[in-house]
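In this text the structure is predicted, and so the values were computed from the model without any measurement. Convention: sequence-line order gives letters A, B, ...; per-chain numbering from 1.
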Number of protein chains: 2
Amino acid sequence: MHNELETVFAKEGYRLTSPRRAVFDVLHGSESPLAIAVIIKACPDVDRVSIYRTLELFTRLGITEIIPFGWKQRYELTSPFKPHHHHLYCTNCGVLIDIHSQKLEQVVAAIAREQDFQPAAHKFEITGLCRHCQANIQ
Amino acid sequence: MHNELETVFAKEGYRLTSPRRAVFDVLHGSESPLAIAVIIKACPDVDRVSIYRTLELFTRLGITEIIPFGWKQRYELTSPFKPHHHHLYCTNCGVLIDIHSQKLEQVVAAIAREQDFQPAAHKFEITGLCRHCQANIQ
DNA sequence: TTCTTATTGCAAATTTGTTGCAATAATATG
DNA sequence: CATATTATTGCAACAAATTTGCAATAAGAA
């Protein structure tokens with residue numbers, strides 16, 4: 001994992017420092033997107049400021065992306081560090097389900113083509129009730 | 001417009017106050033999603049705190065939704081106050097293009113069905129370069 | 001018109017994000 | 001391997017955004 005990171009950084013002329021490794025490792029070890037506050041707590045040896053700066057850099061380099069998540073934003077690794085996917089979010093129990101939809105990707109391409117738009121990235125999310133919560137509530 | 005609002009509020013037992021009308025009117029008068037700071041400035045007679053509380057309530061009642069917008073979030077009225085749609089966002093000039101895609105809605109339904117998920121809402125956004133900026137930069 | 005109580009505005013606290021700069025450490029170079 | 005260069009860090013201090021408690025106000029019911 002760090003090899004690919006090194007490659008990206010070397011290519012761009014940035015240094016692969018221990019704060020950056022720490023933030024990357026936390027994200028890489030997580031199943032789901034993380035809020036900044038969580039990343040800060042998970043890296044007790046790294047200053048808050050460096051975490052803000054690191055996430056800004058990662059996002060600018062396309063290593064992470066910002067995921068809308070209720071009121072706050074969260075961060076998640078992108079491809080090739082984590083395969084491209086989207087989320088179903090259960091508003092009752094909070095579970096996140098990863099989805100990989102070829103059809104969705106096709107629709108993105110089709111919409112962009114129709115609008116003469118050059119797509120760089122896209123976000124997608126469905127909120128609602130997971131199978132389990134449908135059965136239990138109401 | 002206010003009639004429908006009154007209906008929603010009456011049904012839920014909330015009061016339709018002047019701060020709430022003011023925030024609603026600002027959102028209703030806008031073409032695009034608005035940042036909280038903008039809404040605060042647009043309602044000089046309403047306290048900041050009330051605007052936070054109002055947007056929290058609106059979102060909880062499904063009157064508004066949070067739109068990811070670069071680093072910050074913005075707020076926009078939802079159906080029936082504003083027809084359901086999504087955005088293309090040009091990262092160069094900042095323009096927002098509204099899209100209404102039947103295909104996308106079908107994919108949402110299909111994904112939900114496959115996952116046995118009961119969808120309540122969904123977000124979708126493509127970022128990239130608009131026609132104009134493709135021609136001008138690079 | 002009066003009563004009840006949800007909602008507001010205010011003040012103050014807290015949390016979140018930003019900036020400038022000297023000290024540190026990652027990489028290139030000899 | 002030692003040294004030089006300079007990107008990056010941590011710290012302190014600041015600035016902005018968001019939250020909380022509570023008395024005063026006003027919406028809607030009676």
Checklist entry - Any idea which heavy atoms bring A/Cys93 and A/Cys90 closest together, and the distance? => result N-SG, 3.5 Å

Between the protein and nucleotides 27-30 of chain C, which nitrogen or oxygen pairs come in under 3.5 angstrom?
from   : atom 1 : to      : atom 2 : distance (Å)
C/dT27 : OP1    : A/Leu16 : N      : 3.0

Checklist entry - Can you find a side-chain donor-acceptor pair between A/His122 and A/His84 that sits under 3.5 Å? => result yes

Item to check | Between A/Thr127 and A/Thr91, a side-chain donor and acceptor under 3.5 Å | outcome: no

Checklist entry - Aromatic rings A/Phe24 and A/Phe81: how do their planes relate, parallel, tilted or perpendicular, breaks at 30° and 60°? => result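 Rings of A/Phe24 and A/Phe81: perpendicular, over 60°.
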
Checklist entry - According to the interplanar angle, ranging from 0 to 90°, do the rings of A/Phe124 and B/Phe124 count as parallel (below 30°), tilted (30 to 60°) or perpendicular (above 60°)? => result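 A/Phe124 vs B/Phe124 ring planes: perpendicular.
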
Checklist entry - When you look at A/Phe69 and A/Tyr89, which way does the ring-ring contact (aromatic ring centres under 6.0 Å, His included) test go after all the steps? => result CA-CA 9 Å; A/Phe69 202 92; A/Tyr89 173 53; 4.9 Å; yes

Checklist entry - Roughly, in whole Å, what's the span from CD in B/Gln73 to P in C/dG17? => result 11 Å

Checklist entry - So which of residues 34-45 of chain B are in contact with DNA chain C, with a heavy-atom cut-off of under 4.0 Å? => result B/Asp45

Checklist entry - Under a 4.0 Å heavy-atom cut-off, which of residues 61-72 of chain A touch DNA chain C? => result none

For the backbone of [Y] and the side chain of [X], can you confirm whether one donor and one acceptor N or O come within less than 3.5 Å of each other?
| X | Y | value |
| --- | --- | --- |
| A/His85 | A/Pro83 | yes |
| B/Thr64 | B/Leu77 | no |
| B/Lys123 | B/Glu65 | no |
| B/Ser50 | B/Pro19 | no |
| A/Gln73 | B/Trp71 | yes |
| A/Gln134 | B/Asp116 | yes |

Next on the checklist: Walk me through whether A/His100 and A/Glu105 qualify under side chain to side chain donor-acceptor pair (under 3.5 Å).
Outcome noted: CA-CA 9 Å; A/His100 306 76; A/Glu105 305 305 318; over 6 Å; no

Checklist entry - Bend angle of the helix from C/dT1-D/dA30 to C/dG30-D/dC1 from five-pair axes at both ends, rounded to 10°? => result 50°

Next on the checklist: Against B/Lys82, only a single residue in B/Glu76, B/Glu4, B/Glu31 fulfils salt bridge (Lys or Arg N to Asp or Glu O under 4.0 Å); can you say which?
Outcome noted: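 Result: among B/Glu76, B/Glu4, B/Glu31, B/Glu76 is the only option passing the salt bridge (Lys or Arg N to Asp or Glu O under 4.0 Å) with B/Lys82.
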
Checklist entry - Using a heavy-atom cut-off of 4.0 Å to chain A, what are the terminal contacting nucleotides of DNA chain D, in 5' to 3' order? => result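 Here the contact window of chain A covers D/dT6 to D/dA12.
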
Next on the checklist: Looking at B/Glu12, I'd like to know if its CD atom is crowded, meaning that more than 12 non-hydrogen atoms belonging to other residues, nucleotides or ligands lie closer than 6.0 Å.
Outcome noted: yes

Item to check | Neighbours of DNA chain D within residues 49-59 of chain B, by heavy-atom distance under 4.0 Å | outcome: B/Val49, B/Tyr52, B/Arg53

Item to check | Touch class at under 4.0 angstrom, heavy-atom based, for A/Arg48 against every strand present | outcome: base

Checklist entry - Given A/Gln115 and B/Ile97, is the side-chain contact (heavy atoms from CB on, under 4.5 Å) satisfied, shown in steps? => result CA-CA 9 Å; A/Gln115 301 287 333; B/Ile97 301 166; 4.0 Å; yes

Next on the checklist: For A/Leu57 and A/Phe9: C-alpha separation, side-chain torsions, deciding distance, then whether side-chain contact (heavy atoms from CB on, under 4.5 Å) applies.
Outcome noted: CA-CA 10 Å; A/Leu57 178 66; A/Phe9 273 59; 4.1 Å; yes

